[in-house]
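Before any comments, here is the structure.
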Amino acid sequence: MFRTNAFALRNSGTPELWNSGTPELRNFGTSELRNFLPTIRPMADPVQLLAERFRAAIDRTFPQAAGADPLITPCKSPEIGDFQSNAAMGLGKRVGKNPREVAAALVQAVDLAGLAEPLTDKSIAGPGFINIRLRPAALRDALSAMDTAGLGIETPADRRTVVVDLMGVNLAKQMHVGHLRSPVIGDCLARTFERLGHAVIRQNHVGDWGLPIAMVTRRIADQAARGVISLDSLTLDDLDAAYKTAQAECERDIAGLEAVKRYGLGPKALAELEEQVNGATESFTAARQTLVKLQAKDPAVYRVWQRIYDVTMKVCLDVCAALHVNCTAEANAGESSYADELAPMVDDLVARGVAVPDQGALIVRVDAPDKAADGTPMWEPIKEPCLVRKSDGGFLYATTDICAVRRRVQKLGAHEIVYAIDARQNLHIRQFAAAAIKAGYAIHPKTGRPARIAHAAFGAVLGEDGRPFKTRSGESVKLADLIAEMFARAANAVQTRSPELAGDDARRVAEAVGIAALKYGDLSTDRVKDYMFGFDRLLSFEGNTGPYLLYAFVRIRSIFRKAAERGVGDGWKAAPFACDLPAEKNLALALLRYPGAVRGVADTLEPHRLCQYLYDLAGVFSTFFDQCPVLAAETPAQRDGRLRLCDLAGRVLADGLGVLGIPTVERM
RNA sequence: GUCCCGGUAGCUCAGUUGGAUAGAGCAGCCGCCUUCUAAGCGGCAGGUCGGGCGUUCGAAUCGCCCCCGGGACGCCA
């Protein structure tokens, strides 16, 4: 297969994104260039090679089942073999034969010359598993083939444009733990698509519009006019307080009023509630007027809104920068940016009969999906209709979301839109996605097919008591404070374990460790489940944690530092990979699984698959590190073969951590 | 009420389109640092995979029915 790698190279390094502040690593990254040569190389993946051979054998032996999947997977345990084919069982059913007979026939027919040890009857186990042992030379070839800048990840045949919707901040609301997962997960998915060679557009769908925002704007404008606050020194805490007060002011206790009337709770209670309701109605009316002014871009009101926007976004983008989340002002595409498009869009929906009146409002019914040309339904039926205009003429968040789909597909050319959003929004997302498809807005202008609209749903962040993460007094924790505490704890741990690190070095290490702990904790479990947050566990540095992976990487880098100190040349770069001993072989086999692991994340939108892979890799490396001395190897040839294996392992680890959005360090 | 998502070791979690004896980490116990970072490695112990029925050569995984927990359900965003 012909590889040019130029694209993979551009997307694999991106040191400015995940290595900033670690200049040593940048050198490490660019050292990959030495392997960059546009050469013809054999396909690396043994699974694919074995599958080809088995497919040929199946076609020849059982023509009636030609094309059947050979079902090649890595063996669970190294004692059994390296890879196995599970095809015989299913095949037995299809051709009406005993699975073991089928396996025996396949063992006879398959030609594994140059790839694996010859198969015998003893290769068949249980109901018909066929166990395969790779030849060391084939393993070395496979490793050599992936030992390029792209680390075995091929440039995609179909380069897609993927929009990733991440962040989910609201104007004038303090960021708390609840805002952690969307940027962490969304950025990781974005990096995954980028790494695979797709075009990624990040979108920060800021909640910056609508009546609630108008309420705050009015209150802030009011306070500024009265000199209670200064717009110049506004903080997000001020805004958060104003938001809550404004919300409460406009909250009419109509239910309370009716209860008082019904149960006759006395004139005093009645008077109080009437006053509350009247006051709230007044505030509500004022907020509506502010909204109208805002929509008309009234300079005085708009200036206040802009200030609120800037203050909020500053905090948001600072958090992103601190966490190495690649989301900048470029990604901003708030609800306000759709405001002028909503009325014409809804008119279009009405004109084409997509939206219909119902109880005074406008809805899009999505319970009976349209059929595609091939007869398949274009979305899953949903009983609840999607509301696009209220009976008072106002638009809803679904309207904006439909509008966003339209822009993303029609203008930005998205083949795929991924929403990194709270699991509770699932129904809403399915509704507006269905409505957008029904309206034709989700049909890609070039391909003519609907864009894939996917919800990367995630659960809540819980405290160690299993309840939503809060302070002891029950308040939500500011995200910036949480990050600061994680960094402080990381710094403390680094100081304890590595007192020789000081100054900027120590700070950088603490930062990397803190980010690793925080992000890996979030990414390493199935995202749809709630996850339990605990500083101690995430920073424990033991077991399946971010710091453990960093540590594995650091130990590899240490070998190369020592090698340089001892005057070991770079002859190892052309040495055959060491993969004779079990620990070497296990490491080699694990390395080969890397491209599949990254693809798996893109296919399922599940970052924890890559985490699991990297943890496995770090584990087999640690065993190797323990059992196979590199610099003190028995022969120079063995040393060089191990050095090359370590180099590849280090690059895969750093690359994988980069996909997760975790920066690496040279020592810790 | 309808729908969605969970339930796996004492705790926190993995478990590939159904595959071999259900795996890690923490906590507990036992070993291993004059040698490349012990934030590590090796070992022991720990399981009615919420319950039941079914499909199959084979079920944590698929189907049906229950139980428990969380969440969402047109005029907030």
Side-chain angles (χ1 to χ4, degrees), chain A residues 69 71 73-77 80 84 86 89-90 92-93 98-100 125-129 131 170 207 209-213 247 335 358-363 382-392 394-398 400-401 422-428 430-431 457 459-460 464 466 493-494 496-498 513 521 524-526 528-532 534 536-537 539-545 547-548 550-552 554-563 565-566 596 600 604 608-609 611-612 615-616 618-619 622-633 642-643 646 667-668:
Chain A
D69 191 336
L71 297 168
T73 61
C75 286
K76 258 187 193 166
S77 140
I80 297 171
Q84 65 187 70
N86 297 337
M89 285 80 79
K93 184 131 210 154
N98 179 322
R100 281 197 74 104
F129 303 109
N131 295 319
N170 291 298
W209 208 242
L211 198 57
I213 305 300
Q247 200 81 6
E335 294 175 340
D358 189 86
Q359 298 169 41
L362 272 178
I363 62 169
I382 304 161
K383 206 165 58 182
E384 296 85 353
C386 184
L387 219 67
V388 294
R389 195 173 72 194
K390 298 189 284 182
S391 48
D392 68 0
F395 301 116
L396 298 101
Y397 72 148
T400 308
D401 277 313
D422 193 324
R424 287 174 300 184
Q425 304 272 356
N426 184 261
L427 175 61
H428 168 242
R430 280 162 43 224
Q431 280 178 310
E464 280 169 303
V494 169
T496 309
R497 309 216 185 225
S498 307
V513 167
S524 61
T525 63
D526 189 355
V528 83
K529 297 185 188 175
D530 295 347
Y531 99 94
M532 207 167 273
D536 291 336
R537 194 160 46 78
L539 269 169
S540 75
F541 303 156
E542 280 161 15
N544 194 4
T545 66
Y548 171 79
L550 283 184
Y551 180 63
V554 160
R555 295 212 287 181
I556 294 173
R557 299 306 304 143
S558 178
I559 294 172
F560 286 92
R561 266 200 311 277
K562 287 284 192 312
E565 284 169 16
R566 296 179 197 183
T604 61
H608 80 279
R609 289 166 183 266
C611 294
Q612 193 66 43
Y615 180 58
D616 288 347
S622 293
T623 303
F624 164 86
F625 185 87
D626 204 56
Q627 296 179 2
C628 303
V630 177
L631 299 177
R642 286 178 178 173
L643 275 169
C646 288
R667 56 189 97 212
M668 63 189 275

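The figures that follow rest on heavy atoms only: side chains count, while hydrogens, waters and symmetry mates do not. Chain letters run A, B, ... following the sequence lines, proteins first and then strands; every chain starts at 1.
With A:R557 contributing its side chain and A:R667 its backbone, the two residues share no donor-acceptor pair below 3.5 Å. Remark: the backbone N or O of A:M532 is not paired with any side-chain donor or acceptor of A:E464 at under 3.5 angstrom. Between the side chain of A:E335 and the main chain of A:Y397, no donor-acceptor pair closer than 3.5 Å is present.
The partner of B:rC3 is B:rG71, by the rule that a Watson-Crick or G-U pair needs both atom distances under 3.5 Å. B:rG28: Watson-Crick or G-U partner is B:rC44, with both key distances under 3.5 Å. Applying the Watson-Crick and G-U wobble criteria (two distances, each under 3.5 Å), B:rC64 pairs with B:rG52. Using N1 to N3 plus N6-O4 or O6-N4 for Watson-Crick, or N1-O2 and O6-N3 for G-U wobble, each under 3.5 Å, B:rC57 pairs with B:rG19.
Distance noted for atom C1' between B:rA9 and B:rA60: 14 Å (whole Å). Using atom C1' as the reference point in both B:rU56 and B:rG18, the two lie 9 Å apart (nearest Å). Atom P of B:rA27 sits at a distance of 15 Å from the matching atom of B:rU12, rounded to the whole Å. Rounded to whole Å, the C1' atom of B:rG28 lies 42 Å from the corresponding atom of B:rC64. Nucleotides B:rC41 and B:rC5, compared at atom C1', are 39 Å apart to the nearest Å. Separation of the C1' atoms belonging to B:rC44 and B:rC62 is 37 Å when rounded to the nearest angstrom. Across B:rC13 and B:rG74, the matching P atoms stand 31 Å from one another, rounded to whole Å. Comparing B:rA22 with B:rG40, their P atoms are spaced 27 Å from each other, to the whole Å.
Per the geometry, CE belonging to A:M532 stands 12 Å off C1' belonging to B:rG69, to the nearest Å. Whole-Å rounding puts the A:N86 CG to B:rA20 C1' distance at 9 Å. Atoms CD (A:E464) and P (B:rU12) sit 10 Å apart, rounded to a whole Å. What separates CG of A:N426 from P of B:rU2 is a distance of 19 Å, to the nearest Å. Distance, A:Q84 CD to B:rG18 P: 15 Å, rounded to whole Å. Between the P atom of B:rU17 and the CZ atom of A:R609 lies a distance of 6 Å, rounded to the nearest Å. Atom CD of A:Q612 and atom P of B:rU12 are 18 Å apart (whole Å). A:Q627 has its CD atom 15 Å from the C1' atom of B:rA38, to the nearest Å.
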Subject >> Contact state string [nucleotides 70-76 of chain B, B base, S sugar-phosphate only, - no protein heavy atom under 4.0 Å] >> reply: -SSSBBS

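Look at B:rC33: its glycosidic torsion is within 90° of 0, and that puts it in the syn range. In this entry the base of B:rG23 is anti relative to its sugar, with a glycosidic angle more than 90° from 0.
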Could you list all N or O pairs between the protein and nucleotides 22-25 of chain B that sit under 3.5 Å apart?
from, atom 1, to, atom 2, distance (Å)
B:rA24, O2', A:Y615, OH, 3.0

When you compare the protein's N or O atoms with those of nucleotides 6-9 of chain B, which come within less than 3.5 Å of each other, and at what distance?
from, atom 1, to, atom 2, distance (Å)
B:rG7, OP1, A:K529, NZ, 2.9

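Here the shortest heavy-atom pairing between A:D530 and A:G459 reads OD1-CA, 3.4 Å. The two residues A:L643 and A:F560 come nearest to each other via the heavy atoms O-CZ, 3.3 Å. The shortest heavy-atom contact between A:I80 and A:C75 is CG2-SG, 4.1 Å. Annotation for A:P99 and A:P127: closest pair CB-O, 3.3 Å, computed over non-hydrogen atoms.
If you find the closest nucleotide of RNA chain B to A:D69 and to A:S498, the one lying nearer the 5' end belongs to A:D69. Positionally, the nearest nucleotide of RNA chain B for A:I559 lies more toward the 5' end than for the other of A:K93 and A:I559.
When the nucleotides B:rA20, B:rC57, B:rG40 are ranked by their closest atom to the side chain of A:M89, B:rC57 comes out on top. With B:rC36, B:rG42, B:rC57 as the candidates, the nucleotide lying closest to the side chain of A:P127 is B:rC57.
With a 4.5 Å cut-off on side-chain heavy atoms, A:I556 and A:F625 do not count as touching. Looking at heavy atoms from C-beta onward, A:T525 lies out of side-chain contact with A:H608 at the 4.5 angstrom threshold. Two residues are said to be in side-chain contact when any heavy atoms from C-beta on lie closer than 4.5 Å; A:F395 and A:V388 fail this criterion. Taking 4.5 Å as the limit, every side-chain heavy atom of A:M668 sits out of range of all side-chain heavy atoms of A:V494. Residues A:V513 and A:L539 have side chains in contact (heavy-atom distance under 4.5 Å, counting atoms from C-beta outward). You'll find the side chain of A:F624 reaches within 4.5 Å of the side chain of A:C646, heavy atoms only. In this structure, A:S622 and A:Y548 have side chains that are in contact, with non-hydrogen atoms separated by less than 4.5 Å.
Contact annotation for A:Y548: backbone-only contact, meaning every heavy-atom pair under 4.0 Å involves sugar-phosphate atoms and none involves a base. At the heavy-atom level, A:N131 lies under 4.0 Å from base atoms of the strands shown. Among the heavy atoms of the strands, none lies under 4.0 Å from A:Q431. When heavy atoms are screened at a 4.0 angstrom cut-off, A:I80 is found touching base atoms of the nucleic acid. Here A:P99 lies out of heavy-atom contact (under 4.0 Å) with every strand. Here A:A632 lies out of heavy-atom contact (under 4.0 Å) with every strand.
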Subject >> Criterion side-chain contact (heavy atoms from CB on, under 4.5 Å) on A:R555 and A:I559, from CA distance to verdict >> reply: CA-CA 7 Å; A:R555 295 212 287 181; A:I559 294 172; over 6 Å; no

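No donor-acceptor contact under 3.5 Å links the side chain of A:D616 to the base of B:rA14.
Put simply, A:F129 rests on the base of B:rA20: the two rings are less than 5.5 Å apart at their centres and nearly parallel, under 30°.
For A:R555 and B:rA38, the shortest distance from a side-chain N or O to OP1 or OP2 is below 4.0 Å. Between A:T400 and the phosphate of B:rA77, there is no side-chain N or O to OP1/OP2 separation shorter than 4.0 Å.
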